[in-house]
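First up is the structure itself, then whatever we jot down about it.
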Number of protein chains: 2
Amino acid sequence: MPGSRRRQVTLSDIAASCGVSRATVSLVLRQSPLVNAQTRSRVEAEFKRVGYVYNRAAASLRTRRSSSVALVVNDLSNPFFAEFAAGVDEALAGAGYVTLLGSTGESAERQQAVLLSLMEHDPAGVILSPAEGSDTLRVRQAIGMRAPVLVFNRELRDSGWDQLSLDNADGAHQATQHLLQWGHRRIAFFGGHAGSSSCRQRREGYAQALQGAGIEIEPQWLVETAPTRLEAAAQAGALFARERAPTAAVCYNDAVALGLMLGLQARGRVPGADFAVTGFDDIPEAALSVPPLTTLAADPRARGRQAAQLVLARIGGNAGSENAATQLQESLAAAPAHTVVPVRLIVRASTCAPARP
Amino acid sequence: MPGSRRRQVTLSDIAASCGVSRATVSLVLRQSPLVNAQTRSRVEAEFKRVGYVYNRAAASLRTRRSSSVALVVNDLSNPFFAEFAAGVDEALAGAGYVTLLGSTGESAERQQAVLLSLMEHDPAGVILSPAEGSDTLRVRQAIGMRAPVLVFNRELRDSGWDQLSLDNADGAHQATQHLLQWGHRRIAFFGGHAGSSSCRQRREGYAQALQGAGIEIEPQWLVETAPTRLEAAAQAGALFARERAPTAAVCYNDAVALGLMLGLQARGRVPGADFAVTGFDDIPEAALSVPPLTTLAADPRARGRQAAQLVLARIGGNAGSENAATQLQESLAAAPAHTVVPVRLIVRASTCAPARP
DNA sequence: CCGTGAATTTGGATCGGTCTAAATCGAAAC
DNA sequence: GTTTCGATTTAGACCGATCCAAATTCACGG
């Protein structure tokens, strides 16, 4: 019923109306065994009666223990990251932390602003999926030593922070291998910015697989595009500009692969019948495209949970030292860990034998 | 360089090393015109030198002005909500607020826990896309009068809060009309829980369109399913259980429509050729399915921005009264607004004329 | 009746900012 | 030379919690 106002009720109010001291109420709040059972229930009843809500900000001001974690993600509208974010939030909530969200829209500038703004809210940790073109130094400058950081998905060179990433090289290797087994010999690597670390790693795995098969890569097999469906569709033609055109393509990711398939169809080619395509990520659409896309699955939601676990480990890791400052020191001192998670090939109908001309 | 520790630098430290009082430093922080230009630049230099970062929690403890907004969403992995969240965050960040994320996984229980946890962080406002089966009273109990709320997408009866929703009835009406124009006379409404407000509204629009065409609805044309692809695919058969089977279906949403199309194909029917299907939401996959899905677009990112604007209006709305408590009072007192945004029909290839047997 | 120790409770400082009312300081005005 | 005034600065309380050391209470043994 809009109408009942008055300022919010605090621990002092409770103390007053229960006839005990603020300290006692505080002990009740924290489930201390010190307080008498009768007192406890009296106070707890009052909590309910007046609808008391805890002010965590005030508490962590005193304790110097924050209960939030910042999640900075480059593109929420990408289902891969949305799933990731859901996983992060799930695990953080389970551990009693709240998620501070920041999205950067893949802009290093916005990322900087977002980080600065988030740091003012004193997160206990940061999970960062860096925008393309992030500068390690600037990011460091924004975060300083104030919180442990987990870098996800892209590299941040020499940051000295923990990192969680997919086994990009191995994934691309698997995809290429798969195409080789179908009998392809002319295989392109399509899409992505060669500057980005994930693209570089995927290209490496691809190159290694071809090398292992004794195949030399033609320059025209390497096509760069923005990692979007649209750009990919537009660039499809580049594959067929010259002789020795490829019969298959390992794509940077699913978005690019879906775009390429559209582009192929526009040229009268039939992906999955006379041209083979693989993706990366296994976004939900991959299973529904025509033809369904052979791709590499990484289970982004599980990655999100994992990322959360990793920062939480840095944050709370050392149960031995209760002192928050010391804890931070120790955890920051431990050597940064680089966790690489395997990806698995999901074979669908977009891969096929090379067309016999 | 991990190694440089020491406790974080505070405003008092700055004051000390600049030889001014804490009050002055505080004035500098807040760009007050009171402070002398020389002093200001001296202090600002010190900020940079030592890498000072503002502690917003401490500040808002005193000012009673929070700079965060809670966003509670039922399913982040749904691209519709992911886009929505991105839009919310974009607009909030632009206004200097930070987003506290909470996802409920469509569970009223989790939603309650999430809300309680978020409220402890004292958000200035709440944007809530309620989980199915939310109980207005419990939600009210968690939030109380502590923050203005914007309810998105689903109704929360008698909550007295602002609401932003899609014009569900009109959308379904448009879709049904479109099918009628193709010549269909036996049109089903497929999917969704009839209990949910959005489903009810869509069914209403559908029913009205049919009524307008003088068509009576057969009970078997109304099929309930969970709003997921899988369930929808499994229930496809229900449409053809009896005589007077439909030749087209207005689906609850895109996920259901995509599922239904799969289910149809499994039965040897060809959606877009001998059975017409429409969706709702225009998720990215809708354009890529086979056949591409006729559906209703709502631009979720823009909705997110709009939702953010609406809470911000409640939060900051009254520039006249500087007193925060008074402001909250006034804004909560203003009559709740229900904003309904139009949706537009995107015609693709999943709709066709009825099959001539 | 008093000392003793365990069980409870508490006063008051503290976290890092902001706010209010009052102090300080030159310089212009009388 | 004192008063006055605008410009600047500041002391100290305060926001809502926690923490520490010390105080209080109470039952029990001597």
Side-chain angles (χ1 to χ4, degrees), chain A residues 6-43 46-47 50-68 119-122 124 146 322-325 328, chain B residues 6-43 46-47 50-67 119-124 146 322-325 328:
Chain A
R6 93 184 160 293
R7 72 177 182 69
Q8 63 155 297
V9 13
T10 79
L11 164 153
S12 301
D13 300 329
I14 304 283
S17 56
C18 284
V20 297
S21 74
R22 289 154 52 241
T24 302
V25 178
S26 176
L27 289 175
V28 172
L29 273 177
R30 286 171 291 149
Q31 324 268 13
S32 161
L34 288 180
V35 25
N36 179 296
Q38 301 231 342
T39 317
R40 174 191 308 289
S41 53
R42 196 149 43 95
V43 171
E46 186 69 3
F47 281 158
V50 299
Y52 170 77
V53 350
Y54 188 61
N55 184 333
R56 216 165 266 284
S60 44
L61 175 57
R62 182 67 230 266
T63 60
R64 302 156 153 296
R65 229 187 304 281
S66 157
S67 58
S68 60
M119 290 314 292
E120 294 186 348
H121 290 266
D122 186 32
R146 304 173 57 86
E322 276 304 309
N323 178 299
L328 187 58
Chain B
R6 90 184 162 296
R7 72 177 183 68
Q8 63 157 298
V9 12
T10 77
L11 165 152
S12 299
D13 300 326
I14 304 283
S17 57
C18 283
V20 298
S21 73
R22 292 156 50 239
T24 304
V25 178
S26 176
L27 289 175
V28 172
L29 274 176
R30 285 170 291 150
Q31 324 268 13
S32 160
L34 289 180
V35 26
N36 179 295
Q38 301 230 342
T39 316
R40 172 189 308 288
S41 52
R42 197 149 42 93
V43 172
E46 187 68 4
F47 282 158
V50 299
Y52 170 78
V53 349
Y54 187 61
N55 184 334
R56 217 166 265 284
S60 41
L61 176 57
R62 182 66 229 264
T63 60
R64 301 157 155 295
R65 228 187 306 281
S66 158
S67 59
M119 290 314 291
E120 293 186 347
H121 287 88
D122 186 32
R146 305 173 57 84
E322 276 305 308
N323 178 299
L328 187 57

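Lettering of chains follows the sequences in order, A, B, ..., and the numbering in each one begins at 1.
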Check whether the side chain of R22(B) and the base of dG17(C) form a donor-acceptor pair under 3.5 Å.
-> yes
Figure out the NE2/C1' separation between H121(A) and dG16(C), and round it to whole Å.
-> 15 Å
How is T39(B) classified with respect to the nucleic acid when contacts are heavy atoms under 4.0 Å: base, sugar-phosphate, or nothing?
-> sugar-phosphate
Q38(A) CD to dT9(C) C1': how many Å, rounded?
-> 15 Å
Identify whether any heavy atom of A23(A) sits under 4.0 Å from a base atom; if not, whether one sits that close to sugar-phosphate; answer base, sugar-phosphate or nothing.
-> base
N55(B)/T10(B) under side-chain contact (heavy atoms from CB on, under 4.5 Å): CA gap, chis, key distance, verdict = CA-CA 8 Å; N55(B) 184 334; T10(B) 77; over 6 Å; no
Here the distance between atom C1' of dC15(D) and atom OH of Y54(A), to the nearest Å, is 15 Å
Given R42(A) and T39(A), is the side-chain contact (heavy atoms from CB on, under 4.5 Å) satisfied, shown in steps?
-> CA-CA 5 Å; R42(A) 196 149 43 95; T39(A) 317; 4.0 Å; yes
The nucleotide from dT8(D), dG16(D), dG11(C) with an atom nearest the side chain of S21(A) is dG11(C)
Classify the side-chain pair S26(A)/R30(A) by whether it contains a donor and acceptor separated by less than 3.5 Å.
-> yes
Counting side-chain heavy atoms from C-beta on, which of dA17(D), dC19(C), dT9(C) comes nearest to R65(B)?
-> dC19(C)
Closest to the 5' end of DNA chain D, once A58(B) and N36(B) are matched to their nearest nucleotides, is N36(B)
Say whether T24(B) and S21(B), considering side chains only, have a donor N or O and an acceptor N or O under 3.5 Å apart.
-> yes
Euclidean distance, atom CG of residue L34(A) to atom P of dA22(D) [Å, nearest integer] = 17 Å
Of the candidate nucleotides dT18(D), dG16(D), dT10(D), which contains the atom at the shortest distance from the side chain of L29(A)?
-> dT18(D)
Between atom CZ in R62(A) and atom P in dT18(D), what is the gap in whole Å?
-> 10 Å
If you check the T63(B) side chain, which of dT18(C), dT8(C), dA17(D) turns out closest?
-> dT18(C)
Given atom CG of L61(A) and atom C1' of dC15(D), what is their separation to the nearest angstrom?
-> 9 Å
Examine dC19(D): is either OP1 or OP2 under 4.0 Å from a nitrogen or oxygen in the side chain of R30(A)? Give yes or no.
-> yes
If you take all heavy atoms of M119(B) and V53(A), which pair is closest and at what distance?
-> O-CG2, 4.1 Å
Find the distance L27(B):CG to dT9(D):P and express it as a whole number of Å.
-> 9 Å
Report yes or no: does S66(A) contribute a side-chain atom to a donor-acceptor pair with the main-chain N or O of A124(A) at less than 3.5 Å?
-> yes
Looking only at side-chain atoms of L11(B), point me to the closest of dT10(D), dG16(C), dG17(C).
-> dG17(C)
Does S12(B) put a side-chain nitrogen or oxygen below 4.0 Å from OP1 or OP2 of dG16(C)?
-> no
Would one find a side-chain N or O of Y52(A) under 4.0 angstrom from OP1 or OP2 of dG16(D)?
-> no
For V25(B), which contact category applies under a 4.0 Å heavy-atom criterion: base, sugar-phosphate, or nothing?
-> nothing
Quick one: is S26(B) getting a side-chain N or O under 4.0 Å of the dT18(C) phosphate, OP1 or OP2?
-> yes
Rounded to whole Å, the CD-P distance (E120(A) to dG16(C)) equals 16 Å
Ignoring hydrogens and angles, answer whether the base of dC15(C) and the side-chain atoms of R64(A) contain a donor-acceptor pair closer than 3.5 Å.
-> no
